[in-house]
Amino acid sequence: MTIMDLGELLDYLTVIENDSRLNVWHFALLSAILYLGYRQGQKKSISVSRSKIMALSHIHTLPTYHKYFKQLQEMGYISYVPSYHPGYRSKIDLLIKL
């Protein structure tokens, strides 16, 4: 297991800050995902729930969430492995190259 430290968190934020394709919604989602990863001590595979990401990113509508979440996958920032079991969380793998 590799643990995300504060320096790596800041490196991730610098990478996404410098990508002109990203808007405030992308940044909010990625910030929420990175925050969860930092809190979990994970730098690649992060356990998530849609409700937690939406709350942390201050996105309140499902269409907005799904639109920008899908775009992050298409841009190669994340890969998403859903869990359809209520007892298991979904996983997001960070694909950001530092």
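Side chains are part of it too, since the values below use all heavy atoms of this structure and drop only hydrogens, waters and symmetry mates.
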Determine whether [X] and [Y] make a side-chain contact, defined as any pair of heavy atoms from C-beta on separated by less than 4.5 Å.
X	Y	value
I33	Y77	no
M54	L62	yes
H26	L29	no

Which residues pass the side chain to side chain donor-acceptor pair (under 3.5 Å) test with [X], not counting sequence neighbours?
X	value
N18	none
S83	none
S31	none

Donor-acceptor under 3.5 Å (Q40 side chain, S47 main chain):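 Side chain of Q40 to backbone of S47, a donor-acceptor pair under 3.5 Å: yes, one is there.
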Under the side chain to side chain donor-acceptor pair (under 3.5 Å) definition, can you give me all pairs with a residue in residues 6-17, not counting sequence neighbours?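 Listed once each, the pairs are E8-K43.
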Sequence-distant partners of [X], side chain to side chain contact (heavy atoms under 4.5 Å, CB included), two or more places apart:
X	result
S45	K91, D93
A28	S57
S20	none

Among L95, L30, V48, which residue meets the side chain to side chain contact (heavy atoms under 4.5 Å, CB included) test with I78?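 Result: among L95, L30, V48, L30 is the only option passing the side chain to side chain contact (heavy atoms under 4.5 Å, CB included) with I78.
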Pairs flagged by salt bridge (charged side-chain N to carboxylate O under 4.0 Å, His left out) wherever residues 46-67 is involved - sequence neighbours left out: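 Qualifying pairs, neighbours excluded: none.
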What residue pairs, at least two apart or across chains, pass salt bridge (charged side-chain N to carboxylate O under 4.0 Å, His left out) with a residue in residues 19-29?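 Only D19-R21 qualify under salt bridge (charged side-chain N to carboxylate O under 4.0 Å, His left out).
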Same cluster for V81 and I92 if Ile/Leu/Val/Met/Phe/Trp/Tyr side chains link at under 4.5 Å?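 No; tracing contacts between hydrophobic side chains, which count when under 4.5 Å, never links both residues.
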Can you tell me how far OH of Y68 sits from CD1 of I59, rounded to the nearest 0.5 angstrom?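 Reported value, rounded in 0.5 Å steps: 8.5 Å.
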Just how far is it from atom CD1 of I46 to atom OG of S90, taken to the nearest 0.5 Å?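 OG of S90 is found 13.0 Å from CD1 of I46.
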Please name all residues satisfying ring-ring contact (aromatic ring centres under 6.0 Å, His included) with Y88, sequence neighbours left out, ordered by chain then number.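 With neighbours one apart ignored, the set is H85.
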Please collect all ring-ring contact (aromatic ring centres under 6.0 Å, His included) contacts where either partner lies in residues 34-65, sequence neighbours excluded, each pair once.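 Counting only pairs at least two positions apart or across chains, the ring-ring contact (aromatic ring centres under 6.0 Å, His included) contacts touching residues 34-65 are Y65-F69.
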